[in-house]
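As structure tokens, the structure follows; a few thoughts come after it.
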Amino acid sequence: MARFIDELKRTHSCGELRLDDAGADVVLMGWVARARDRGGVVFVDLRDRAGITQVVFDKQGDEALFAVGQELRSEYVLAVRGTVRDRGDMKNDKIPTGAIEVLAAEATILNVAKPPVFPIQDEVNATEETRLAHRYLDLRRPVLQKNLQMRAQAYHAARNALHEQGFLEVETPFLVKYTPGGARNFLVPSRASGKFYSLAESPQLFKQLLMVAGFDRYFQIVRCFRDEDLRGDRQPEFTQIDLEMSFVAQDDVFAVCEKLVFRLWKEVLGVDLSEKYPDGTFPRLPFAESMRDYGNDKPDRRFELRHVDLTALTVAHDGGGIGLLAPIAAKFRDGTYREELPEEIVKAIRVPAAHPLSRKQIDELEGFVKQMGAAGLGRAKIDAGGAWAQSPFAKQVTDGFRAAVNEACGAQDGDVLLFMFGGEQLVHTAMANLRLELGKRLGLIPKVGSGGEWELLWVVDPPLFERGEAPGSWVAAHHPFTRPHDACIEHIATDPGTVLCHRYDLVLNGVEIAGGSIRLHDSEVQRKVFSAIGLSEEDAKEKFSFLLEGLSHGAPPHGGIAFGFDRLVMLLTESESLRDVVAFPKTARGNDLLTGAPGPVDERQLSELKIRSID
RNA sequence: GGGACGGUAGUUAAGUCGGUUAUAACGCCGGCCUGUCACGCCGGAGGCCGCGGGUUCGAGUCCCGUCCGUCCCGCCA
């Protein structure tokens with residue numbers, strides 16, 4: 001072995017040799033992707049992260065050398081020296097190196113390998129469970145190699161872009177003081193009895209203190225920890241590009257982010273976003289419009305199929321003869337519900353006649369929304385003259401309401417209208433997901449990936465407060481340090497539900513890739529906000545002591561944002577899951593199948609931490 | 001916390017109405033083959049049917065519980 005590692009160094013990767021190299025003496029090292037023993041000749045596909053090159057062992061040469069070739073099995077680690085040879089008519093058009101092969105002159109098996117648990121190839125034919133348990137094999141697959149390479153390019157581009165814009169990279173602690181509210185924290189026991197650190201769910205508080213300290217423009221590519229239930233696009237530890245700026249308004253933050261995104265797309269994908277966004281900015285959509293038209297705050301605008309809000313029409317027509325809608329209309333009439341802050345709503349989606357839906361397909365869609373808790377999915381097919389067919393509402397609906405609904409939806413002959421009504425959140429969630437499902441089923445967007453379209457937008461001006469669990473109570477929608485719109489400050493005490501704020505999300509193809517806010521540095525407004533969410537001055541001091549104390553020592557106006565880096569890479573690589581862009585991810589239950597974390601620890605260690613298990 | 005689907009050979013899957021020897025493909029092992037490239041041909045080995053309990057003359061199959069994986073709602077920025 002020493003001859004190869006110590007004397008003969010790799011001259012090329014397995015992906016770079018071409019016809020021009022014919023005749024060259026080269027040294028390759030890599031893994032055996034496949035060995036084909038033809039009796040008198042052995043062909044080996046040698047793989048490293050750059051690609052695959054065919055190596056040939058010929059029986060007519062050295063006998064011992066040929067024996068090495070015959071011993072080779074999948075995933076053996078091989079070093080080979082040989083001559084690059086033109087394959088002529090025998091070339092393989094499927095791989096970039098297919099015009100040549102390397103005729104082995106000298107070879108050593110650097111290491112043997114057990115047969116791979118699953119084949120190392122892009123077409124996944126192993127379950128997620130198997131792949132994660134043998135992640136080092138999974139990561140050998142070319143797709144994942146490519147994903148992590150692109151991830152590395154993204155780190156690099158982001159750092160350069162921010163350094164060039166005058167940002168200072170500062171690290172902040174992971175082991176932090178527990179603060180209530182927001183995401184559940186992972187706790188880390190300390191040896192001091194009964195005391196715990198918390199793993200930082202984000203550097204939020206520290207970056208604001210860095211602004212107080214005068215660092216002006218901060219960024220960090222930083223791991224964050226949240227002990228919440230997981231999804232394909234959520235890991236318990238994940239990476240953010242976190243940044244904060246002083247003396248800025250919302251537009252200043254946007255400008256920095258837009259430059260950053262342009263840079264990432266240019267350097268990672270070679271895509272020039274200025275073709276789509278010539279003035280270098282992304283469109284902005286008010287939160288309220290996003291909810292109205294798409295049912296969520298992260299609309300995928302690669303396709304239409306917008307929601308039509310029929311709540312006001314329903315009220316105007318007293319339910320339009322439809323038994324299920326009448327009680328909702330009545331509650332608006334008697335003042336139980338306010339039109340500005342409706343607790344129940346009625347919405348529709350119009351599916352154009354160009355995309356016909358069968359009864360069976362609509363039933364499937366109803367099943368789809370029911371699994372989100374919806375009672376059902378109303379439907380009506382538009383017949384000649386605007387009549388409703390194939391609809392349980394057809395017999396009840398008044399002519400006036402039907403005509404008004406048809407007009408509001410822009411319904412044409414042959415279109416299908418799909419309806420939902422009920423609690424605002426449920427209808428929004430189910431209808432938002434229904435819209436996406438329709439988009440995929442009707443082929444308006446691909447099931448996975450961008451389809452080459454990059455629809456970026458800012459969702460702006462969301463409400464500062466949302467309803468709390470107790471009736472009539474309000475809680476901070478994001479966190480209570482977000483700056484309200486100046487015009488709304490007078491309503492904080494009287495009508496919290498109508499207060500909008502300087503919070504913003506950057507959305508790409510229906511995925512939230514960044515979110516941030518302009519922070520509240522005015523302590524008088526801060527007091528009003530705390531009061532609206534039922535937090536006394538003492539409570540606030542207790543909960544947020546060090547931040548409030550810090551802000552009182554001359555905090556500049558400041559604001560910032562954090563990009564979900566993993567999600568960004570997921571989109572850049574057209575991946576389906578965050579697990580495909582994280583080297584060692586955890587499962588939906590937060591387990592690491594490779595190492596077995598989380599695992600038990602022995603009693604001695606527990607007692608050192610003064611911890612006892614109660615079950 | 002709630003729901004849906006899944007767990008059978010190393011891997012991926014089939015397994016009918018509960019019925020006696022649990023299938024297939026790929027992989028693996030042995031043999032043959034000088035132009036393969038998903039090589040081919042011949043032969044072979046390989047099983048805690050996730051785990052625990054129950055029903056039954058009999059359970060991969062039915063019931064209960066549990067663990068694990070994926071997805072959705074809640075939760076989470």
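Keep in mind that what you see is a predicted model, and the values were worked out from it rather than measured. In what follows, chains carry the letters A, B, and so on, assigned in the order in which the sequence lines appear, proteins first and then strands, with residues in each chain numbered from 1. All heavy atoms count here, side chains included; hydrogens, waters and symmetry mates do not.
Atom C1' of nucleotide B/U34 and atom CG of A/L103 are separated by 13 Å, given to the nearest angstrom. When rounded to the nearest whole Å, the span between CG of A/D227 and C1' of B/G1 equals 14 Å. Between the CG atom of A/N296 and the P atom of B/C76 there is a distance of 17 Å, given to the nearest Å. At whole-Å resolution of the value, CG in A/L568 and P in B/A77 are 19 Å apart. Look at CG on A/L230: it is 15 Å from C1' on B/C68, rounded to the nearest Å. The CZ atom of A/R226 sits 11 Å away from the P atom of B/C76 (whole-angstrom rounding). Taking atom CG of A/L578 as the reference point, atom C1' of B/A77 lies 13 Å away to the nearest angstrom. Taking atom CZ of A/F225 as the reference point, atom C1' of B/A77 lies 16 Å away to the nearest angstrom.
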Checklist entry - For nucleotides 4-13 of chain B, read 5' to 3', which letter fits each nucleotide if B means a protein heavy atom sits under 4.0 Å from the base, S means only the sugar-phosphate is that close, and - means neither? => result ------SSSS
Item to check | Letter per nucleotide, 5' to 3', of nucleotides 35-45 of chain B [B base touched, S only sugar-phosphate touched, - untouched; heavy atoms, 4.0 Å] | outcome: BBBSB------
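Side-chain nitrogen and oxygen atoms of A/Q204 include none within less than 4.0 Å of the OP1 or OP2 phosphate oxygen of B/A77. Side-chain nitrogen and oxygen atoms of A/N433 include none within less than 4.0 Å of the OP1 or OP2 phosphate oxygen of B/C72. Between A/R579 and B/U70 there is a side-chain N or O to OP1 or OP2 distance below 4.0 Å.
Side-chain atoms of A/R231 and base atoms of B/G74 include a donor and an acceptor less than 3.5 Å apart. Between the side chain of A/R567 and the base of B/A77 there is no donor-acceptor pair of N/O atoms closer than 3.5 Å. Taking only distance into account, the side chain of A/R73 never meets the base of B/C29 through a donor-acceptor pair shorter than 3.5 Å.
Put simply, the residue from A/H521, A/Q208, A/K207 that forms a side chain to side chain donor-acceptor pair (under 3.5 Å) with A/H558 is A/Q208.
B/U61 makes up no base pair with any nucleotide shown, lacking Watson-Crick or G-U wobble contacts both under 3.5 Å. Pair assignment for B/A24: B/U12, on the basis of Watson-Crick or G-U wobble contacts that are both within less than 3.5 Å. With a cut-off of 3.5 Å on both pairing distances, B/G74 has no Watson-Crick or G-U wobble partner at all. Using Watson-Crick or G-U wobble geometry with both donor-acceptor distances under 3.5 Å, B/U55 finds no partner in any strand shown. With a cut-off of 3.5 Å on both pairing distances, the Watson-Crick or G-U wobble partner of B/C32 is B/G40. Using N1 to N3 plus N6-O4 or O6-N4 for Watson-Crick, or N1-O2 and O6-N3 for G-U wobble, each under 3.5 Å, B/C5 pairs with B/G69.
Between the side chains of A/Q54 and A/R36, at least one donor N or O sits under 3.5 Å from an acceptor N or O. Judged purely by distance below 3.5 Å, without hydrogens or angles, the side chains of A/T595 and A/D592 pair a donor atom with an acceptor atom. A/E101 and A/T53 form no side-chain donor-acceptor contact under 3.5 Å, judged by distance and modelled atom types alone. Inspection of the A/D242 and A/Y218 side chains reveals an N or O donor paired with an N or O acceptor under 3.5 Å.
Relative to the side chain of A/N591, the nucleotides B/A77, B/G74, B/C68 differ in distance, and B/C68 lies closest.
Nucleotides B/C62 and B/C49 are separated by 16 Å at their P atoms, to the nearest Å. Comparing the same atom, C1', in B/C71 and in B/G58 gives a spacing of 37 Å after rounding to whole Å. Between B/U16 and B/G60, the two P atoms lie 12 Å apart (nearest whole Å).
Both A/K586 and A/G516 lie close to RNA chain B; mapped to their nearest nucleotides by heavy-atom distance, the more 5′-ward contact belongs to A/K586. Closest-nucleotide positions on RNA chain B for A/A562 and A/L593 were compared, and the one nearer the 5' end corresponds to A/L593.
Partners of A/R47 according to the salt bridge (charged side-chain N to carboxylate O under 4.0 Å, His left out) rule, which considers only residues two or more places apart in sequence or in another chain, are A/E75. Scanning for ring pair (Phe, Tyr, Trp, His ring centres under 6.0 Å) contacts around A/F465 gives an empty result, with sequence neighbours left out. In this structure A/H428 satisfies the ring pair (Phe, Tyr, Trp, His ring centres under 6.0 Å) test with no other residue, sequence neighbours excluded. Residues meeting the ring pair (Phe, Tyr, Trp, His ring centres under 6.0 Å) test with A/F196, sequence neighbours left out: none.
In this structure, A/D297 reaches the bases: a heavy-atom distance under 4.0 Å links it to at least one base atom across the strands shown. A/G232 comes within 4.0 angstrom of sugar-phosphate atoms only, judged by non-hydrogen atoms across all strands, and of no base.
Note: A/H134 and A/Y136 have perpendicular aromatic rings, judged against thresholds of 30 and 60 degrees for the angle between ring planes.
Ring centroids of A/F481 and A/F544 are separated by less than 6.0 Å, placing the two rings close together. Taking the six-membered ring where the residue is Trp, the centroids of A/W31 and A/Y76 are separated by 6.0 Å or more.
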